[in-house]
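What follows is a short report on a single structure.
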Amino acid sequence: MKYSYKIVARDRLARHARMETVHGVIETPVFMNVGTVGAIKGAVSTDDLREIGTQVELSNTYHLHVRTGDQLIHDFGGLHRFMNWDRPILTDSGGFQVFSLAGLRKIKEEGVTFASHIDGHRIFMGPEESMQIQSNLASTIAMAFDECAPALADREYVINSVARTTRWLERCRTEMARLNSLDSTINREQLLFGINQGAIFDDIRIDHAKRIAEMDMDGYAVGGLAVGESHEQMYHVLEETVPYLPSDRPTYLMGVGTPANILEAVDRGVDFFDCVYPTRNGRHGNVYTNRGKLNLFNKKYELDPEPIEEGCGCPACRSYSRAYIRHLLKAGEMLGMRLCVLHNLYFYNTMMSEIRDAIDKGNYAAYKAHKLAGMEGEKQ
RNA sequence: GCCUACAUAGCUCAGUCGGUAGAGCAUGCGGCUGUUAACCGCAGUGUCAUAGGUUCGAGUCCUAUUGUGGGCG
(Lines give C-alpha, C1' and ligand atoms only; values in the text may rest on other atoms or scores of the structure.)
Protein backbone atom coordinates (compact mmCIF):
# COMPACT_ATOMS: atom_id res chain seq x y z
CA MET A 1 0.00 0.00 0.00
CA LYS A 2 1.58 3.26 -1.10
CA TYR A 3 -1.15 5.35 0.48
CA SER A 4 -4.82 5.49 1.25
CA TYR A 5 -7.22 8.34 0.79
CA LYS A 6 -10.50 8.18 2.65
CA ILE A 7 -13.20 10.79 2.57
CA VAL A 8 -14.36 11.41 6.13
CA ALA A 9 -17.10 13.93 5.44
CA ARG A 10 -18.61 15.81 2.55
CA ASP A 11 -20.47 19.08 2.38
CA ARG A 12 -21.62 19.72 -1.18
CA LEU A 13 -18.33 19.60 -3.16
CA ALA A 14 -16.18 20.28 -0.10
CA ARG A 15 -14.69 17.21 1.50
CA HIS A 16 -12.71 16.34 4.59
CA ALA A 17 -10.42 13.41 3.88
CA ARG A 18 -7.69 11.49 5.64
CA MET A 19 -4.69 10.57 3.55
CA GLU A 20 -2.30 8.01 4.99
CA THR A 21 1.22 8.07 3.62
CA VAL A 22 4.52 6.49 4.55
CA HIS A 23 5.31 9.70 6.42
CA GLY A 24 2.05 9.87 8.33
CA VAL A 25 -1.46 11.18 7.97
CA ILE A 26 -2.56 14.29 6.11
CA GLU A 27 -5.97 15.67 7.02
CA THR A 28 -7.42 17.57 4.10
CA PRO A 29 -8.23 20.25 3.14
CA VAL A 30 -4.63 21.12 3.94
CA PHE A 31 -2.36 24.07 3.42
CA MET A 32 1.21 23.03 2.69
CA ASN A 33 3.83 25.41 4.05
CA VAL A 34 6.25 26.50 1.34
CA GLY A 35 9.94 25.95 2.03
CA THR A 36 11.40 26.16 -1.44
CA VAL A 37 15.01 25.36 -0.62
CA GLY A 38 14.25 23.04 2.26
CA ALA A 39 13.63 25.91 4.66
CA ILE A 40 10.71 28.17 5.40
CA LYS A 41 12.12 31.62 4.64
CA GLY A 42 12.15 33.86 7.69
CA ALA A 43 14.26 31.71 10.03
CA VAL A 44 11.50 29.20 10.71
CA SER A 45 12.72 25.80 11.91
CA THR A 46 11.04 22.42 11.59
CA ASP A 47 10.50 22.59 15.37
CA ASP A 48 8.54 25.77 14.71
CA LEU A 49 6.52 23.99 12.02
CA ARG A 50 5.53 21.26 14.47
CA GLU A 51 4.47 23.92 16.97
CA ILE A 52 2.26 25.82 14.54
CA GLY A 53 0.46 22.75 13.23
CA THR A 54 2.10 22.26 9.84
CA GLN A 55 1.09 18.98 8.22
CA VAL A 56 3.03 19.08 4.95
CA GLU A 57 6.21 20.92 4.05
CA LEU A 58 6.74 21.81 0.39
CA SER A 59 10.11 22.10 -1.29
CA ASN A 60 11.29 22.64 -4.82
CA THR A 61 13.11 20.35 -7.23
CA TYR A 62 14.85 23.01 -9.31
CA HIS A 63 16.02 25.04 -6.32
CA LEU A 64 17.33 22.07 -4.33
CA HIS A 65 19.04 20.74 -7.45
CA VAL A 66 20.81 24.07 -7.87
CA ARG A 67 21.58 24.43 -4.17
CA THR A 68 22.88 22.31 -2.57
CA GLY A 69 22.26 19.37 -4.87
CA ASP A 70 19.85 16.45 -4.78
CA GLN A 71 22.62 13.84 -4.95
CA LEU A 72 24.10 15.25 -1.76
CA ILE A 73 20.69 15.12 -0.08
CA HIS A 74 20.23 11.54 -1.29
CA ASP A 75 23.63 10.59 0.11
CA PHE A 76 22.68 12.20 3.41
CA GLY A 77 19.59 10.01 3.56
CA GLY A 78 16.93 12.15 1.95
CA LEU A 79 15.29 15.48 2.58
CA HIS A 80 13.38 14.27 5.64
CA ARG A 81 16.53 13.40 7.52
CA PHE A 82 18.40 16.41 6.08
CA MET A 83 15.93 18.95 7.45
CA ASN A 84 14.78 16.87 10.44
CA TRP A 85 11.17 16.66 9.32
CA ASP A 86 9.52 13.24 9.50
CA ARG A 87 6.07 14.26 8.32
CA PRO A 88 4.96 14.46 4.68
CA ILE A 89 6.91 16.52 2.17
CA LEU A 90 5.67 17.47 -1.28
CA THR A 91 8.22 18.49 -3.87
CA ASP A 92 7.27 20.69 -6.77
CA SER A 93 8.78 19.52 -10.01
CA GLY A 94 10.43 22.60 -11.46
CA GLY A 95 7.47 23.19 -13.74
CA PHE A 96 6.72 26.49 -12.07
CA GLN A 97 10.26 27.65 -12.80
CA VAL A 98 9.45 27.19 -16.50
CA PHE A 99 7.06 30.08 -15.84
CA SER A 100 8.86 32.12 -13.18
CA LEU A 101 12.28 31.87 -14.85
CA ALA A 102 10.85 32.37 -18.33
CA GLY A 103 13.69 34.70 -19.27
CA LEU A 104 16.28 32.10 -18.33
CA ARG A 105 15.09 28.99 -20.13
CA LYS A 106 14.32 27.31 -23.46
CA ILE A 107 11.60 24.66 -23.86
CA LYS A 108 11.97 21.71 -26.20
CA GLU A 109 10.21 18.36 -26.47
CA GLU A 110 12.94 16.64 -24.46
CA GLY A 111 12.75 19.15 -21.63
CA VAL A 112 13.82 22.59 -20.51
CA THR A 113 17.27 24.13 -20.48
CA PHE A 114 17.68 26.71 -17.73
CA ALA A 115 20.44 29.21 -17.22
CA SER A 116 20.95 28.93 -13.47
CA HIS A 117 19.57 31.99 -11.71
CA ILE A 118 22.65 31.80 -9.45
CA ASP A 119 25.59 31.65 -11.85
CA GLY A 120 24.08 31.17 -15.30
CA HIS A 121 25.37 27.64 -15.88
CA ARG A 122 23.25 25.40 -18.07
CA ILE A 123 20.83 23.06 -16.32
CA PHE A 124 18.80 20.59 -18.34
CA MET A 125 15.62 19.32 -16.76
CA GLY A 126 13.12 17.07 -18.47
CA PRO A 127 10.54 14.72 -16.99
CA GLU A 128 13.16 12.05 -16.24
CA GLU A 129 15.57 14.47 -14.57
CA SER A 130 12.80 15.97 -12.45
CA MET A 131 11.72 12.51 -11.29
CA GLN A 132 15.32 11.52 -10.55
CA ILE A 133 15.88 14.65 -8.49
CA GLN A 134 12.63 14.18 -6.59
CA SER A 135 13.48 10.53 -6.01
CA ASN A 136 16.82 11.60 -4.59
CA LEU A 137 15.04 14.06 -2.33
CA ALA A 138 12.73 11.18 -1.35
CA SER A 139 9.71 13.38 -0.79
CA THR A 140 6.37 11.85 0.09
CA ILE A 141 4.68 13.29 -2.98
CA ALA A 142 6.43 14.19 -6.22
CA MET A 143 4.82 16.45 -8.77
CA ALA A 144 4.85 15.79 -12.49
CA PHE A 145 7.15 17.96 -14.58
CA ASP A 146 4.87 20.29 -16.52
CA GLU A 147 4.89 23.67 -18.13
CA CYS A 148 3.07 26.31 -16.13
CA ALA A 149 1.98 28.55 -18.99
CA PRO A 150 0.93 32.17 -18.45
CA ALA A 151 -2.83 32.49 -17.91
CA LEU A 152 -3.09 34.93 -20.78
CA ALA A 153 -1.19 32.80 -23.31
CA ASP A 154 -2.94 32.47 -26.65
CA ARG A 155 -4.95 29.39 -27.55
CA GLU A 156 -2.52 27.88 -30.03
CA TYR A 157 0.35 28.19 -27.58
CA VAL A 158 -1.71 26.56 -24.83
CA ILE A 159 -2.82 23.65 -27.06
CA ASN A 160 0.79 22.83 -27.91
CA SER A 161 1.99 23.34 -24.36
CA VAL A 162 -0.69 21.12 -22.83
CA ALA A 163 -0.08 18.37 -25.39
CA ARG A 164 3.59 18.41 -24.46
CA THR A 165 2.78 18.44 -20.74
CA THR A 166 0.65 15.32 -21.33
CA ARG A 167 3.51 13.55 -23.08
CA TRP A 168 5.80 14.61 -20.27
CA LEU A 169 3.37 13.12 -17.74
CA GLU A 170 3.65 9.72 -19.45
CA ARG A 171 7.41 9.99 -19.23
CA CYS A 172 7.23 11.04 -15.57
CA ARG A 173 5.08 8.05 -14.75
CA THR A 174 7.40 5.61 -16.51
CA GLU A 175 10.50 7.05 -14.88
CA MET A 176 8.93 7.16 -11.42
CA ALA A 177 7.93 3.49 -11.71
CA ARG A 178 11.51 2.63 -12.67
CA LEU A 179 13.00 4.66 -9.82
CA ASN A 180 10.61 3.18 -7.25
CA SER A 181 11.80 -0.29 -8.26
CA LEU A 182 15.47 0.43 -7.51
CA ASP A 183 17.13 -0.73 -4.29
CA SER A 184 19.04 2.57 -4.05
CA THR A 185 15.82 4.55 -3.90
CA ILE A 186 15.19 5.93 -0.41
CA ASN A 187 11.40 6.23 -0.66
CA ARG A 188 10.21 3.47 -2.93
CA GLU A 189 6.62 4.41 -2.23
CA GLN A 190 6.98 7.94 -3.51
CA LEU A 191 3.68 9.21 -4.87
CA LEU A 192 3.25 11.08 -8.13
CA PHE A 193 0.58 13.69 -8.82
CA GLY A 194 -0.36 14.71 -12.34
CA ILE A 195 -1.04 18.34 -13.21
CA ASN A 196 -3.91 19.73 -15.26
CA GLN A 197 -3.17 22.69 -17.50
CA GLY A 198 -5.04 24.67 -20.15
CA ALA A 199 -4.91 28.29 -19.04
CA ILE A 200 -8.42 29.76 -19.08
CA PHE A 201 -9.75 27.71 -21.99
CA ASP A 202 -12.53 25.50 -20.62
CA ASP A 203 -12.42 22.94 -23.41
CA ILE A 204 -8.64 22.49 -23.20
CA ARG A 205 -8.81 22.17 -19.42
CA ILE A 206 -11.60 19.59 -19.61
CA ASP A 207 -9.99 17.54 -22.37
CA HIS A 208 -6.75 17.50 -20.45
CA ALA A 209 -8.46 16.59 -17.18
CA LYS A 210 -10.18 13.63 -18.86
CA ARG A 211 -6.93 12.55 -20.43
CA ILE A 212 -4.86 12.55 -17.23
CA ALA A 213 -7.74 11.06 -15.20
CA GLU A 214 -7.27 7.91 -17.27
CA MET A 215 -3.64 7.70 -16.22
CA ASP A 216 -4.37 6.56 -12.66
CA MET A 217 -2.18 9.08 -10.89
CA ASP A 218 -1.90 9.11 -7.09
CA GLY A 219 -3.43 12.59 -7.07
CA TYR A 220 -4.31 15.41 -9.37
CA ALA A 221 -3.33 19.05 -9.37
CA VAL A 222 -4.77 22.03 -11.14
CA GLY A 223 -1.83 24.16 -12.20
CA GLY A 224 -1.42 27.31 -14.20
CA LEU A 225 -3.82 29.37 -12.11
CA ALA A 226 -3.16 32.57 -10.19
CA VAL A 227 -0.68 33.49 -12.89
CA GLY A 228 -2.42 36.53 -14.36
CA GLU A 229 -6.12 35.71 -14.65
CA SER A 230 -8.88 37.17 -12.44
CA HIS A 231 -10.27 35.44 -9.38
CA GLU A 232 -13.55 34.90 -11.22
CA GLN A 233 -11.72 33.20 -14.08
CA MET A 234 -9.84 31.00 -11.64
CA TYR A 235 -13.03 29.92 -9.84
CA HIS A 236 -14.68 29.29 -13.19
CA VAL A 237 -11.82 27.03 -14.30
CA LEU A 238 -12.15 25.05 -11.06
CA GLU A 239 -15.90 24.65 -11.55
CA GLU A 240 -15.36 23.38 -15.08
CA THR A 241 -12.33 21.20 -14.44
CA VAL A 242 -12.44 19.60 -10.99
CA PRO A 243 -15.54 17.49 -11.82
CA TYR A 244 -13.45 15.68 -14.46
CA LEU A 245 -10.68 14.74 -12.04
CA PRO A 246 -11.13 11.45 -10.10
CA SER A 247 -13.15 12.28 -6.99
CA ASP A 248 -11.55 9.45 -5.02
CA ARG A 249 -8.09 11.04 -5.31
CA PRO A 250 -6.59 14.16 -3.74
CA THR A 251 -7.10 17.38 -5.70
CA TYR A 252 -4.45 20.05 -5.38
CA LEU A 253 -4.74 23.68 -6.49
CA MET A 254 -1.14 24.71 -6.99
CA GLY A 255 0.18 27.99 -5.71
CA VAL A 256 -3.11 29.29 -4.32
CA GLY A 257 -3.64 31.47 -2.51
CA THR A 258 -5.30 34.09 -0.35
CA PRO A 259 -7.55 32.93 2.51
CA ALA A 260 -10.54 33.88 0.35
CA ASN A 261 -9.17 31.91 -2.62
CA ILE A 262 -8.83 28.84 -0.43
CA LEU A 263 -12.32 29.17 1.05
CA GLU A 264 -13.77 29.39 -2.47
CA ALA A 265 -11.66 26.56 -3.87
CA VAL A 266 -12.56 24.17 -1.04
CA ASP A 267 -16.18 24.82 -2.00
CA ARG A 268 -15.28 23.66 -5.50
CA GLY A 269 -13.73 20.39 -4.37
CA VAL A 270 -10.07 21.22 -3.78
CA ASP A 271 -8.14 19.45 -0.99
CA PHE A 272 -4.52 20.61 -1.17
CA PHE A 273 -3.12 24.13 -1.30
CA ASP A 274 0.17 25.90 -1.09
CA CYS A 275 1.17 29.51 -1.50
CA VAL A 276 4.08 31.81 -0.75
CA TYR A 277 1.73 34.46 0.57
CA PRO A 278 1.90 33.70 4.31
CA THR A 279 5.69 33.48 4.21
CA ARG A 280 6.54 36.21 1.70
CA ASN A 281 3.89 38.60 2.97
CA GLY A 282 5.02 37.89 6.51
CA ARG A 283 8.59 38.81 5.64
CA HIS A 284 7.18 41.98 4.12
CA GLY A 285 5.30 42.83 7.31
CA ASN A 286 1.84 41.86 6.07
CA VAL A 287 -0.10 39.70 8.50
CA TYR A 288 -3.43 37.90 8.16
CA THR A 289 -6.25 38.23 10.65
CA ASN A 290 -9.92 37.35 10.73
CA ARG A 291 -10.58 41.02 10.07
CA GLY A 292 -8.35 41.22 7.02
CA LYS A 293 -4.70 41.72 6.27
CA LEU A 294 -2.62 44.26 8.20
CA ASN A 295 0.56 46.00 7.07
CA LEU A 296 2.57 46.23 10.28
CA PHE A 297 4.89 48.78 8.69
CA ASN A 298 2.05 51.29 8.86
CA LYS A 299 2.44 54.20 11.26
CA LYS A 300 -0.91 53.51 12.91
CA TYR A 301 0.61 50.53 14.71
CA GLU A 302 3.60 52.36 16.20
CA LEU A 303 2.06 52.45 19.69
CA ASP A 304 -0.46 49.61 19.28
CA PRO A 305 -0.20 47.36 22.36
CA GLU A 306 -2.48 44.66 20.92
CA PRO A 307 -1.20 41.37 19.51
CA ILE A 308 -1.58 40.91 15.76
CA GLU A 309 -4.84 39.14 16.53
CA GLU A 310 -6.54 38.97 19.90
CA GLY A 311 -6.94 35.39 21.02
CA CYS A 312 -4.47 33.97 18.49
CA GLY A 313 -2.31 31.20 19.92
CA CYS A 314 0.74 31.70 17.71
CA PRO A 315 4.18 32.46 19.15
CA ALA A 316 3.96 36.09 18.00
CA CYS A 317 0.53 36.84 19.44
CA ARG A 318 1.18 35.01 22.69
CA SER A 319 4.02 37.36 23.61
CA TYR A 320 4.35 40.49 21.49
CA SER A 321 2.54 43.67 20.54
CA ARG A 322 1.99 45.07 17.07
CA ALA A 323 4.10 48.05 18.14
CA TYR A 324 7.11 45.90 19.04
CA ILE A 325 6.84 43.80 15.88
CA ARG A 326 6.58 47.00 13.82
CA HIS A 327 9.73 48.24 15.53
CA LEU A 328 11.54 44.99 14.72
CA LEU A 329 10.44 45.19 11.09
CA LYS A 330 11.50 48.83 10.78
CA ALA A 331 14.83 48.02 12.38
CA GLY A 332 15.37 45.21 9.89
CA GLU A 333 15.57 42.65 12.66
CA MET A 334 15.02 39.10 11.48
CA LEU A 335 12.85 38.44 14.53
CA GLY A 336 10.21 40.78 13.11
CA MET A 337 9.94 38.78 9.90
CA ARG A 338 10.07 35.51 11.77
CA LEU A 339 7.20 36.43 14.06
CA CYS A 340 5.06 37.60 11.14
CA VAL A 341 5.75 34.40 9.18
CA LEU A 342 4.96 32.22 12.19
CA HIS A 343 1.72 34.10 12.73
CA ASN A 344 0.67 33.80 9.09
CA LEU A 345 1.42 30.09 8.84
CA TYR A 346 -0.43 29.53 12.11
CA PHE A 347 -3.35 31.55 10.71
CA TYR A 348 -3.47 29.44 7.55
CA ASN A 349 -3.05 26.12 9.38
CA THR A 350 -5.75 27.08 11.86
CA MET A 351 -8.12 28.16 9.10
CA MET A 352 -7.70 24.77 7.41
CA SER A 353 -8.54 23.06 10.68
CA GLU A 354 -11.67 25.20 10.99
CA ILE A 355 -12.56 24.31 7.41
CA ARG A 356 -12.35 20.58 8.18
CA ASP A 357 -14.50 21.04 11.28
CA ALA A 358 -17.09 22.97 9.32
CA ILE A 359 -17.25 20.23 6.68
CA ASP A 360 -17.63 17.61 9.40
CA LYS A 361 -20.54 19.58 10.82
CA GLY A 362 -22.08 20.15 7.42
CA ASN A 363 -22.08 23.92 7.79
CA TYR A 364 -19.29 24.82 5.43
CA ALA A 365 -21.33 27.38 3.50
CA ALA A 366 -22.15 29.27 6.68
CA TYR A 367 -18.57 29.06 7.90
CA LYS A 368 -17.24 30.37 4.59
CA ALA A 369 -19.72 33.23 4.48
CA HIS A 370 -18.90 34.24 8.04
CA LYS A 371 -15.15 34.03 7.45
CA LEU A 372 -15.32 36.05 4.25
CA ALA A 373 -17.56 38.68 5.82
CA GLY A 374 -15.11 39.12 8.69
CA MET A 375 -12.20 39.72 6.35
CA GLU A 376 -14.23 42.09 4.21
CA GLY A 377 -13.03 45.66 4.16
CA GLU A 378 -9.38 44.76 4.23
CA LYS A 379 -7.85 43.39 1.08
CA GLN A 380 -7.16 39.70 0.89
C1' G B 1 46.49 84.51 15.30
C1' C B 2 47.64 82.73 10.16
C1' C B 3 46.62 79.24 6.11
C1' U B 4 43.17 75.92 4.00
C1' A B 5 38.75 73.02 2.93
C1' C B 6 33.75 72.66 3.54
C1' A B 7 28.40 74.62 4.37
C1' U B 8 22.60 71.95 -0.87
C1' A B 9 16.22 67.31 1.54
C1' G B 10 15.61 64.36 8.27
C1' C B 11 21.00 62.05 7.35
C1' U B 12 25.32 61.33 3.85
C1' C B 13 26.39 63.72 -0.43
C1' A B 14 26.07 64.85 -6.31
C1' G B 15 25.23 69.31 -8.98
C1' U B 16 28.81 69.93 -15.95
C1' C B 17 30.08 75.95 -19.59
C1' G B 18 26.18 80.56 -14.80
C1' G B 19 19.78 79.06 -17.20
C1' U B 20 15.74 78.97 -9.89
C1' A B 21 18.28 71.48 -7.86
C1' G B 22 19.14 65.59 -7.76
C1' A B 23 20.67 60.47 -5.71
C1' G B 24 21.21 56.86 -1.76
C1' C B 25 19.46 56.13 2.96
C1' A B 26 15.48 57.55 6.19
C1' U B 27 10.05 58.70 6.26
C1' G B 28 4.85 57.70 4.36
C1' C B 29 1.95 54.42 1.29
C1' G B 30 1.15 50.39 -2.10
C1' G B 31 2.20 45.64 -4.58
C1' C B 32 3.52 40.44 -4.10
C1' U B 33 -0.49 33.57 -5.49
C1' G B 34 3.44 25.55 -7.44
C1' U B 35 9.56 32.03 -4.12
C1' U B 36 15.09 34.66 -9.13
C1' A B 37 11.34 38.44 -3.78
C1' A B 38 14.20 40.37 4.30
C1' C B 39 11.99 42.23 -2.55
C1' C B 40 9.79 45.74 -6.04
C1' G B 41 7.06 50.24 -6.99
C1' C B 42 5.02 55.15 -5.87
C1' A B 43 5.00 59.72 -3.00
C1' G B 44 6.44 64.02 0.10
C1' U B 45 10.19 67.44 1.89
C1' G B 46 14.72 72.33 0.13
C1' U B 47 14.95 80.73 2.57
C1' C B 48 21.20 75.80 -1.77
C1' A B 49 24.76 78.94 5.93
C1' U B 50 23.97 84.67 6.19
C1' A B 51 24.50 89.58 3.90
C1' G B 52 26.02 92.15 -0.20
C1' G B 53 28.08 92.44 -5.34
C1' U B 54 28.73 91.11 -10.81
C1' U B 55 25.03 89.44 -14.45
C1' C B 56 19.21 89.53 -18.49
C1' G B 57 19.85 85.37 -15.05
C1' A B 58 23.91 82.88 -9.36
C1' G B 59 23.72 76.51 -5.69
C1' U B 60 27.62 77.72 -9.34
C1' C B 61 31.67 83.79 -10.11
C1' C B 62 33.48 87.96 -6.41
C1' U B 63 33.56 90.21 -1.21
C1' A B 64 32.45 90.08 3.86
C1' U B 65 30.38 87.55 8.03
C1' U B 66 29.06 83.10 10.82
C1' G B 67 29.77 77.93 11.73
C1' U B 68 32.50 73.24 11.18
C1' G B 69 36.90 70.18 9.96
C1' G B 70 42.22 70.00 8.96
C1' G B 71 47.20 72.22 9.05
C1' C B 72 50.83 75.82 11.02
C1' G B 73 52.03 78.56 15.22
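Residue numbers begin at 1 in each chain, while the letters A, B, ... track the order of the sequences.
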A:D92 side chain, from C-beta outward: closest of B:G28, B:G34, B:U36: B:G34

Residues A:Q134 and A:S130: side-chain donor-acceptor under 3.5 angstrom: yes

Pair partner, B:C61 [Watson-Crick or wobble, under 3.5 Å]: B:G53

Residue A:M334, side-chain heavy atoms: nucleotide from B:U33, B:A38, B:G34 that is nearest: B:A38

Touch class at under 4.0 angstrom, heavy-atom based, for A:F297 against every strand present: sugar-phosphate

B:G10 versus B:C6 - spacing of their P atoms, nearest Å: 23 Å

Residues A:Y244 and A:N196: side-chain donor-acceptor under 3.5 angstrom: no

Assigned partner base of B:G1, Watson-Crick or wobble definition, under 3.5 Å: B:C72

Ion pair A:R167/A:E170, N-O distance below 4.0 Å: no

Length of the CD-C1' vector between A:Q134 and B:G34, whole Å: 11 Å

Side-chain donor/acceptor of A:H231 to base of B:U33, under 3.5 Å: yes

B:U66 to B:C39 separation - C1' atoms, rounded to the nearest Å: 46 Å

Euclidean distance for C1', B:U20 against B:U12 (whole angstrom): 24 Å

Protein-nucleotide distance (A:Y277, atom OH; B:A37, atom C1'), rounded to Å: 13 Å

Watson-Crick or G-U wobble mate for B:G22, both contacts under 3.5 Å: B:C13

N or O in side chain of A:N60 less than 4.0 angstrom from B:G34 OP1/OP2: no

Length of the CG-P vector between A:L294 and B:C29, whole Å: 13 Å

Spacing of A:Y348 atom OH relative to B:G34 atom C1', expressed in whole Å: 14 Å

Closest-nucleotide 5' rank along RNA chain B - winner of A:R280 and A:G223: A:G223

Whole-Å C1' distance, B:G1 and B:G59: 32 Å

Distance below 4.0 Å between A:K300 side-chain N/O and B:G28 OP1 or OP2: no

Partner nucleotide, any strand, of B:A7 [Watson-Crick/G-U, under 3.5 Å]: B:U66

B:A9 and B:U4, which share atom name C1', separated by this distance in whole Å: 28 Å

Phosphate OP1/OP2 of B:C32 contacted by A:N286 side-chain N/O (<4.0 Å): no

Any strand: nucleotide that pairs with B:C48 via Watson-Crick or wobble, under 3.5 Å: none

Touch class at under 4.0 angstrom, heavy-atom based, for A:G103 against every strand present: nothing

Between B:U33 (C1') and A:L152 (CG): distance, integer Å: 14 Å

Options B:A38, B:G34, B:G28, nucleotide nearest the side-chain atoms of A:R283: B:A38

Residue pair A:D75 / A:Q71, side-chain donor-acceptor N/O under 3.5 Å: yes

Aromatic plane relationship, A:H80 with A:H23 - under 30° parallel, 30 to 60° tilted, over 60° perpendicular: parallel

Plane angle bin for A:Y348 and A:Y288 - parallel if under 30°, tilted between 30 and 60°, otherwise perpendicular: perpendicular

C1'-based separation of B:C72 from B:G53 [nearest Å]: 33 Å

d(CG, A:N344; P, B:C32) in whole Å: 14 Å

Spacing of the P atoms in B:A43 and B:G24 (rounded, Å): 12 Å

Polar side-chain contact A:Q197-B:G34 base: donor and acceptor under 3.5 Å: yes

Comparing A:E147 and A:G332 on RNA chain B - which has the more 5′ nearest nucleotide: A:E147

B:U36 phosphate, OP1 or OP2, under 4.0 Å from A:Q97 side-chain N/O: yes

Electrostatic pair A:D11-A:K361, nearest N-O below 4.0 angstrom: no

Phosphate OP1/OP2 of B:U33 contacted by A:T258 side-chain N/O (<4.0 Å): no

Sugar-phosphate, base or nothing in reach of A:I118, heavy atoms under 4.0 Å: nothing

Spacing between A:H284 atom NE2 and B:C29 atom C1', to the nearest angstrom: 16 Å

Nearest-Å distance once atom C1' is located in both B:A7 and B:U50: 11 Å

Distance below 4.0 Å between A:R326 side-chain N/O and B:G28 OP1 or OP2: yes

Touch class at under 4.0 angstrom, heavy-atom based, for A:D274 against every strand present: sugar-phosphate

Check: B:G34 base within 3.5 Å donor-acceptor of A:D146 side chain: yes

Touch class at under 4.0 angstrom, heavy-atom based, for A:L329 against every strand present: nothing

Face-on cation placement of A:R155 at A:F201 ring, 6.0 Å and 45° thresholds: yes

Separation of B:U35 P from A:F114 CZ (nearest whole Å): 11 Å

Any A:N281 side-chain nitrogen or oxygen under 4.0 Å from OP1 or OP2 of B:C39: no

